[in-house]
Student: 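Sharing a structure with you now.
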Amino acid sequence: QDTKLNIGVSVKSIFGLPLVVARDKGFFKEEGLDVTLEYFSGGPPATAALMGGSLQFLNGALENNVKTAKANQPIVTIMNIQSNYAGAIILRKEIADKLGRAPKVEDLKGLKIGTLSRGGFTDVSTRYILKTAGIDPEKDATLVPIRGADRQLAAGKAGEIDAAMVTEPWGPIAVEGLGEWVYVLNTTVGQGPVLFQDMGYVVLQTTRDYLAKNRPVAEKVVRAIVKAQKFIADPKNVEEVTQIALKEYGDSQPKAMRISVETQAKTYVPYMNEAMIGKTMDLLVPNGLIKEPAPAYKDVVDASFEPLWKAYGPVK
Amino acid sequence: MDRQKRQLQILDHVDLTLKEAEFVSVVGPSGCGKSTLLNFIAGLTPVQSGAVEVFGAPPGGTEAPLGYVFQQHALLPWRNVLQNTVISLEVKGIAKAEREQRAREMLTVMGLDGFEDHFPREISGGMRQRVSLARTLVDDPRLILMDEPFGALDAQTKLLIQEMFLKYWEENRKSVLFITHDLAEAVALADRVLVMSSRPGRILAEYEVGIPRPRTLDQVRHMPRFTELHDAIWEDLRGEALKAMQGRA
Amino acid sequence: MDRQKRQLQILDHVDLTLKEAEFVSVVGPSGCGKSTLLNFIAGLTPVQSGAVEVFGAPPGGTEAPLGYVFQQHALLPWRNVLQNTVISLEVKGIAKAEREQRAREMLTVMGLDGFEDHFPREISGGMRQRVSLARTLVDDPRLILMDEPFGALDAQTKLLIQEMFLKYWEENRKSVLFITHDLAEAVALADRVLVMSSRPGRILAEYEVGIPRPRTLDQVRHMPRFTELHDAIWEDLRGEALKAMQGRA
Amino acid sequence: MMDQDSARQVTILKVVLLVVIVGGWELSARFGLIPVFWTSSPSLIAVAFWESLKENEITYHTYITMQEALAGLAAGAVVGVMLGLVLGVSRVLGAALEPFVIAMNSLPRVALAPLIVMFVGIGFASKFLLAFSLVVVPIMLNTYEGIKAADPQLINMMRVIHAKRYQVFYKVLLPNCVPWIFSALRVSISFAIIGAIVGEFISARAGIGYMIDSAAGAFDTTGMIMPLIVLMVLAFSIDRAFVATSNRLLRWRDEALS
Amino acid sequence: MMDQDSARQVTILKVVLLVVIVGGWELSARFGLIPVFWTSSPSLIAVAFWESLKENEITYHTYITMQEALAGLAAGAVVGVMLGLVLGVSRVLGAALEPFVIAMNSLPRVALAPLIVMFVGIGFASKFLLAFSLVVVPIMLNTYEGIKAADPQLINMMRVIHAKRYQVFYKVLLPNCVPWIFSALRVSISFAIIGAIVGEFISARAGIGYMIDSAAGAFDTTGMIMPLIVLMVLAFSIDRAFVATSNRLLRWRDEALS
Ligand SMILES: Nc1ncnc2c1ncn2[C@@H]1O[C@H](COP(=O)(O)OP(=O)(O)OP(=O)(O)O)[C@@H](O)[C@H]1O
Ligand SMILES: Nc1ncnc2c1ncn2[C@@H]1O[C@H](COP(=O)(O)OP(=O)(O)OP(=O)(O)O)[C@@H](O)[C@H]1O
Ligand SMILES: [Mg+2]
Ligand SMILES: [Mg+2]
């Protein structure tokens, strides 16, 4: 008799790929788990579902857990899902063409840049990147929050924005797929500030209450996902993972999807460390989205799962 | 017997006693309180001062054998003719077979047999008002209150229904308190006509009709007494009616 | 002159010619086509067969000096009494000062001075119908069509307005075609009464009233000729009226 | 009232309009007047519909959405009617509660998504609740209006025949509300469907809202519009069936719905 | 009709209800019966409101949203009334278009957001268009009903006095629609606000929807509920003002709005 579980994913995005692979490759099944993935329209309703008991686990941004921990909500992270922020700033091709060279962050000065929602990850990341390039995001650029990556591209086509911060796989879709945009900066391939590397971008969360009663189940989940992360990281599985991703996220852009999977493959790692909290705070505090002091590492992350993470093996 | 005489005292020095099986008409200008008077008697409006007695009891008692015919038929639109006619018996808890039999008989008296299944909207205004009469009469009330019952009908239909009702009443004498604006109607049907003044309503004059029964409307129209009474009452009322019309609606 | 005689031919062998300044009443059971007849003459309903001529021209011509008084007052609820009275002059493009002066005069004739600023909902039914009369008369029509104009009023108000209209008409004779269900009204006001049969409408009978003018309603009621005509017409109509009532609404 | 002649004209005009709209869309798409990538075209939609039908997809998702919507509608109707009756019978309470109800009803439900998910979870319940929350108030207010609109003369008549309060309620007030309730139910059909879809946008694994959301994620305009059109046709058919049924049931009324 | 006595009772009951709702909420929050993190509490909301007021934030965002909503409402009213008049005057066209309009109106607008962004962009236009799209149809349908409801006797009267078609239109049909248009405008106020907010959810840099969205991202329930309550109070006040104005303007009618 398999244990039935509902695992939430805060947005239907490729950062949930390890869970999809664990499900479709039968890794959950091997652990005796019958997992259903639930997609949400954002972190808050997904977190609400976790606390309300509709979900047992949630694949969501670490920043959410940092915020809830500061508000003394009993939510805890038990593993990392994707360590690097997998996003890219893209610029409309006709603007880039006028430059006559590969665009740089400095070229965004004075432009309208689309993000997903104010205070969300794309928004704060864009601000951080602009600041590191000496651009004041309030004065020297206009940030436009637009719900949904498809709407960003629509807004670009309508001439409403010049550039956009998009998450995977929308970078490759826009650049390689549609051919209407070019990259300015792609954090997925390690470009941009180091902050975005190994930062605990998306993590697996659960409630302390659930963990206290169902620790063995949580261990099984972690084992299955780690196995999936390892599967994705193996270069010989690129094709199979791409097929799984296409089936889950829509098959309209197979070429772009393959590129996206390839570039992200090594970012799905289970490890967590104390520096991740600091990096999240560095991102949020300047935007007034959270106040110092940072919550303690142990209030956000249950490091007792660390032995299970090790099954992934060493990271370069 | 004291139940033979009904003592009804109302409002602004309106003092009125109805005899058993007497047909009393009340005429008066619009807004003078005629409907209010009936509502007091029926117990629909609580009496503020003075005393109203219906068969020796305060009005609105659960057993008072009263009937009330309204100007608008007050039929339930979702019930057909038969279902509308039985309502008072239904409310009393009389068995279905019996109440329907009684209703059918009364509908036949009213010339409505064959229309039992029709909804109110499917029959003419004159027929609706007869259903309303049948509904009231099927309960066999001792006192019938009628508030301009034929006021909304066209003149010819009104004549027909007056004839029918007059015939029925002369065969089954009951006490009737009949409000109307139509002086001809008041005189032709009643034993006694009360004329009320405009607000606050008082009894201005009282006329014994004195036309012998059984009557027919055609005969009555030819009697000098009829025209004489009509003129006298109109004399009383003309000024009041003019005042009533010139006041706001 | 050929405009002295108006030729009106309608429907199912209805043949009717109105003389100048003649007051003709039409009575008949409900649904017999009386309103349809007026609508033919007014040009509101196109004539399917037969010929209608109004002052020698087909009906509905833009210049036909016709007035039409409806059973429901047909006042524009968002216009006050004065604005309602001037409408026909306004449509004709008569200057504001002139049209308002004429309307005020007519309202005074109708006993409505002082009510110019009231909206229809603020005045009584009798007053509304008088505004409707004033609106029609202010245009000085040569032929007035009246479709049960007093049918919706209570009996006393009706008596008052009949008196007023009778007086006005006798001073300003115009051709009138007056539809009513009320036989007393038909006889008391008209020079001639036409009785129509139930559908399809034909002229059953025609009576010259022959009561001398000027009349007052009180006098008329006392005349044997009045009761006699009333009875005769009722004799013609009783059966038809009964049939009309028993048909569906 | 409309004579036969105009009725035929109307029918012809309806067909002409349908042809013009659909044909105009198709032609503009074919001749590149509008970008197919963003606006799709009737033929693409028809093909997508056919594919989806063959795989039993659109039927399944429609079934799910309709289930949520109709359950919400049914529950909203029951609760709304009961509340409306209570308010209508106790007029003071009704008049006092009315502004609160109206104020509550003017809130955009989407904004409350986290609260809804927190308290009723995801799955069927959240869609059901959204559909419910959109229909309960109009139904309640109409029922209340229906009670208020009862002819006082009918109630006087019942009092004269010594009817008990419950008899007045069952024999006059309740039947008097029925047409009001029906007219509220009619407008509530599309509210319930919208509620279910908005619920599916928050989180769902099936339903029309899920189809639209997935298609949006995959950049598939045809896939977004197709289920919307299916929904439109369905809502329209339900409305027609509802009008026909209600005209049959309420044939005692003077005026029929159209 | 309500006598003075009941009117006082109603007022008292309203105050009692308000106190019970607000007080009950506050107390349940204080005693931990409901999770404050998700449901906030009246006192938290009051404090947040005060803070926001001091920084001129809530006023600014409310201003933005109301601007979008009222612009959409105004445009929707103008276009809706014009369309309604056209349909009403040409009865065949009206009857033929009616089902299309109703079908269009049953679509969930939120789902069309990408298309709207595509065609009108983000910024003011998209919120305006959403507000507009929600109000135009009800206003149009009501105007149409208003024309259809014109008493044929009044039109006959105008024909008898040889009024021209345009005179019938200006002197009878148009004034007859006014109460119908007003009643459509009344319900449209909250539709317009909802439209503006949904538009702000898709993309905005200011407005109530933006405030709610930002607060949601920060898990700040108080910050989400506060603007909603401001909005509710505002919508309610607008409704009251509207009813008062319309009762003044339409004092020729038999029945006043309440
Ligand atoms: N519910 C009420 N509230 C306030 N005033 C009322 C109410 N009912 C009646 N009245 C007033 O009481 C007076 C008497 O009304 P009532 O209906 O008894 O007159 P009526 O003689 O029956 O008039 P009509 O001949 O027009 O039927 C009127 O002036 C009326 O304005
Ligand atoms: N628009 C219409 N469509 C179909 N039938 C109509 C229409 N108007 C009138 N009729 C029918 O034509 C007949 C004559 O109607 P009309 O209104 O002229 O009668 P009437 O004599 O004026 O009746 P009443 O005395 O009730 O006013 C009636 O049987 C009616 O049913
Ligand atoms: Mg009365
Ligand atoms: Mg007629």
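Chain A is the first sequence line, chain B the second, and so forth, proteins listed ahead of strands; every chain is numbered from 1.
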Student: Within residues 170-181 of chain D, which residues come under 4.5 Å of chain B, heavy atom to heavy atom?
Tutor: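 Contacts with chain B: D/Lys171, D/Val172, D/Pro175, D/Asn176.
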
Student: Which heavy atom in D/Val160 sits nearest to a heavy atom in B/Ala42, and how many Å separate them?
Tutor: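 Closest heavy-atom pair between D/Val160 and B/Ala42: CG2-CB, 4.4 Å.
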
Student: Going from OG1 on B/Thr136 to CD1 on D/Ile161, what distance comes out if it is rounded to the nearest 0.5 angstrom?
Tutor: 9.5 Å

Student: Do the side chains of B/Arg135 and D/Met157 get nearer than 4.5 Å, heavy atoms only?
Tutor: yes

Student: Would a distance-only check, ignoring hydrogens and angles, find a side-chain to backbone donor-acceptor pair under 3.5 Å from D/Gln167 to B/Val91?
Tutor: yes

Student: Only heavy atoms, only distances under 4.5 angstrom. Which residues in residues 69-86 of chain D are near chain B?
Tutor: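 The stretch does not come within 4.5 Å of chain B.
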
Student: Between B/Arg121 and D/Arg251 (side chain of the first, backbone of the second, donor and acceptor by atom type, cut-off under 3.5 Å), is there such a pair?
Tutor: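 A pair under 3.5 Å: yes.
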
Student: Would you please name every residue forming a side-chain contact (heavy atoms from CB on, under 4.5 Å) with B/Pro149, sequence neighbours left out?
Tutor: B/Val69, B/Met146, B/Phe178

Student: With a 4.5 angstrom heavy-atom cut-off, which part of B/Ile87 approaches chain D: side chain, backbone, both or neither?
Tutor: both

Student: Between D/Arg159 and B/Leu44, which heavy-atom pair has the shortest distance, and what is it?
Tutor: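 Looking at all heavy atoms of both residues, the shortest contact is NH2-O, 3.3 Å.
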
Student: To the nearest 0.5 angstrom, please state how far the CG atom of D/Asn156 sits from the CG atom of B/Leu38.
Tutor: 11.5 Å

Student: Under the side-chain contact (heavy atoms from CB on, under 4.5 Å) test, which residues partner B/Thr108, sequence neighbours left out?
Tutor: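 Result, side-chain contact (heavy atoms from CB on, under 4.5 Å) vs B/Thr108: B/Asp113.
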
Student: If I take atom CH2 from residue D/Trp252 and atom CG from residue B/Leu76, how far apart are they, to the nearest 0.5 angstrom?
Tutor: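 CG of B/Leu76 is found 9.5 Å from CH2 of D/Trp252.
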
